[in-house]
Q: 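Structure below; questions to follow.
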Amino acid sequence: MIKTRITELFGIKHPIMLAGMNWVTEPNIVSAVCNAGALGVFATAHCTPEETRKNIQEIRKLTDKPFGVNVMLNLPTAPGNVEAILDEKVPIVNYALGKPAFIDKVHAYGGKVIGTIAKAKHAAMAEKLGVDAMSITGHEAAAHGMEATSMILIPIVTRWSKVPLIAAGGFYDGSGLAAALSLGADAVSMGTRFMLTKESPVHENLKKFCLDATEEDSVYSDVFDGLPSRVMRNKASLKLLKGGFPLFSSFTSALQMKKLLKLSTWEMVRTSLGMMKAEEKRNLLDQARFANMVILAEKAIYKGDVENGIIIAGQSCGGIKDKELPTCKEVIENTVAQAESIMKRLGTQVY
Ligand SMILES: Cc1cc2nc3c(=O)[nH]c(=O)nc-3n(C[C@H](O)[C@H](O)[C@H](O)COP(=O)(O)O)c2cc1C
């Protein structure tokens, strides 16, 4: 067993987190991870507040272990989803892409907050705001990593950070866990790895696409959703890279998002304007572009359209080569066992 500040803080057995992934980390996979002793995180980006509430209640029926809920603060539904999370007293709240105004409220009911961070200066700000832990995300990651790789970013933050860190971006096995602990982190968060498991609800076409990919088959740009992000190279991502900002499809996607999230036109405009004020350098076009990514990702994840949909996955696809997909429990136990054996071997090399 590996005991760290993160296993102690959250009361979990293993220093592993299932990264919150929109459309992917549904109650079934979240509870499978929690029941196997790691931290499962439900992602709310496609949910109305009412759906978020229902999913939280569903998770509670499937596990009695601590679990987390991820909220992207740049989305129009974020305020309602945060309210649902607070009402439900979710044990661990994980926010990304914005500045949280709810940390005290989570602490008031005994919950903990994890900030997702991809820049050292944002980590310093999050720590000042009072987060309990940070998921530090490197360039290798699926979706929103920034320029610095995990190898560089994690030790920079561990040098001064007082809160436990969760290393994210490119971690998929025991050697990654051992490396993360060596870099000063207290756990790993894995997205792509858990997306490629038996319990993962993503379409078989997408699983096969990722298993066949190499470490060089992803692309990184801000053209996909207005923020620097990593997706797999396919027809849809190459079209966006070539054509630049997809004005028409972004606005049709924004309308689809409005329908999906059951927002009135006024709510959509009001929250978008509010978010633009809260976030530096964001405009309405960026909001529309973000909506486009959410809709195109669903096309690949649930409909299995791996050519016209956007496949969000990280460089770790190149290292995940299972002939038969493991269960989440197998991923967790194999990762810990491999890390333990690496750390024991390294210990024998010290004189
Ligand atoms: C399909 C998919 C959807 C994602 N959705 C979210 C999300 O809703 N919120 C979030 O904070 N991060 C999201 N991410 C990023 C992950 O939380 C995590 O940072 C990333 O997967 C870590 O890198 P790795 O894939 O190399 O493990 C998503 C990643 C994937 C693969």
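If you read the sequence from its start, that first residue is 1, and numbering goes on from there. Whatever order the structure lists ligands and atoms in, that order sets their numbers, starting from 1.
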Q: Quick test of your reading of the structure: of I310, N70, L18, I166, whose heavy atom lies closest to atom 10 (C) of ligand 1?
A: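 Heavy atom nearest to atom 10 (C) of ligand 1 belongs to N70.
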Q: Show which atoms of ligand 1 fall inside a sub-4.0 Å distance from at least one heavy-atom site of G20.
A: 5 (N), 6 (C), 7 (C), 9 (N), 10 (C), 12 (N), 13 (C), 14 (N), 16 (C), 17 (O), 28 (C)
Q: I need the contact type for T192 against ligand 1. Using non-hydrogen atoms and a strict under-4.0 Å cut-off, is it side chain, backbone, both or neither?
A: both
Q: Less than 4.0 Å is my threshold; does some heavy atom of T116 fall inside it relative to ligand 1?
A: no
Q: Is A141 touching ligand 1 with its side chain, its backbone, both, or neither, if touching means heavy atoms under 4.0 Å apart?
A: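 Both backbone and side chain.
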Q: Which value, rounded to the nearest 0.5 Å, describes the distance between L296 atom CG and K239 atom NZ?
A: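 Output value for this atom pair is 9.0 Å.
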Q: Regarding ligand 1, does G191 bring an N or O atom to under 3.5 Å of one of the ligand's N or O atoms?
A: yes
Q: Charged N to carboxylate O below 4.0 Å: is that the case for K198 and E330?
A: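 No.
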Q: Do S218 and Q315 have side-chain N/O donor and acceptor atoms under 3.5 Å apart?
A: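 The answer is no; no qualifying pair exists.
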Q: Minimum heavy-atom separation for D132 to V113, with atom names?
A: OD2-N, 2.7 Å
Q: Heavy-atom pairs closer than 4.0 Å: do any link ligand 1 to the side chain of M190, the backbone, both, or neither?
A: backbone
Q: Between H203 and Y302, is the ring centroid distance below 6.0 Å?
A: no
Q: With a cut-off of 4.0 Å, which atoms of ligand 1 are near a heavy atom of G169?
A: 22 (C), 23 (O), 26 (O)
Q: Do the side-chain N and O atoms of H144 and R230 include a donor-acceptor pair separated by under 3.5 angstrom?
A: no
Q: Report yes if some N/O of A19 lies less than 3.5 Å from some N/O of ligand 1; otherwise report no.
A: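 No; the residue has no nitrogen or oxygen that sits under 3.5 Å from a nitrogen or oxygen of the ligand.
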Q: Taking only heavy atoms of N22, which atoms of ligand 1 are found under 4.0 Å from at least one of them?
A: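 Answer, ordered by atom number: 3 (C), 4 (C), 5 (N), 6 (C), 7 (C), 8 (O).
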Q: Identify the closest protein heavy atom to atom 29 (C) of ligand 1: which residue and atom is it, and at what distance?
A: M21 CG, 3.5 Å
Q: I want to know if ligand 1 touches A96 in the polar sense, i.e. an N/O pair below 3.5 angstrom.
A: no
Q: Using a 4.0 Å heavy-atom cut-off, which part of M72 comes near ligand 1: side chain, backbone, both, or neither?
A: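 The side chain, only.
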Q: Examine distances only and state if a side-chain atom of N94 and a backbone atom of F42 form a donor-acceptor pair shorter than 3.5 Å.
A: no
Q: Does N94 reach ligand 1 with a nitrogen or oxygen that is under 3.5 Å from one of the ligand's nitrogen or oxygen atoms?
A: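 For ligand 1, there is no N or O atom that lies under 3.5 Å from one belonging to N94.
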Q: Using a strict cut-off of 4.0 Å, indicate which atoms of ligand 1 neighbour a heavy atom of G170.
A: 24 (P), 26 (O)
Q: Any chance you could measure N55, atom CG, to T44, atom OG1, to the nearest 0.5 Å?
A: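 Going from CG on N55 over to OG1 on T44, the span is 9.5 Å.
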Q: Are any of the N or O atoms of T137 closer than 3.5 Å to those of ligand 1?
A: no
Q: Please report the shortest heavy-atom distance between M293 and S229, naming the atom on each side.
A: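 Heavy atoms only, the tightest pair is CE-OG, 3.7 Å.
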Q: Which option, V294, I312, L196, owns the non-hydrogen atom nearest atom 1 (C) of ligand 1?
A: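 Going through V294, I312, L196 one by one, I312 has the nearest heavy atom to atom 1 (C) of ligand 1.
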Q: Examine the side chains of D173 and T335 and answer whether a donor and an acceptor come within less than 3.5 Å of each other.
A: no
Q: Which atoms of ligand 1 have any heavy atom of A142 under 4.0 Å away?
A: 15 (C), 20 (C), 21 (O), 23 (O), 24 (P), 25 (O), 26 (O), 31 (C)
Q: Does N28 offer a backbone N or O that forms a donor-acceptor pair with the side chain of E199 under 3.5 Å?
A: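 A pair under 3.5 Å: no.
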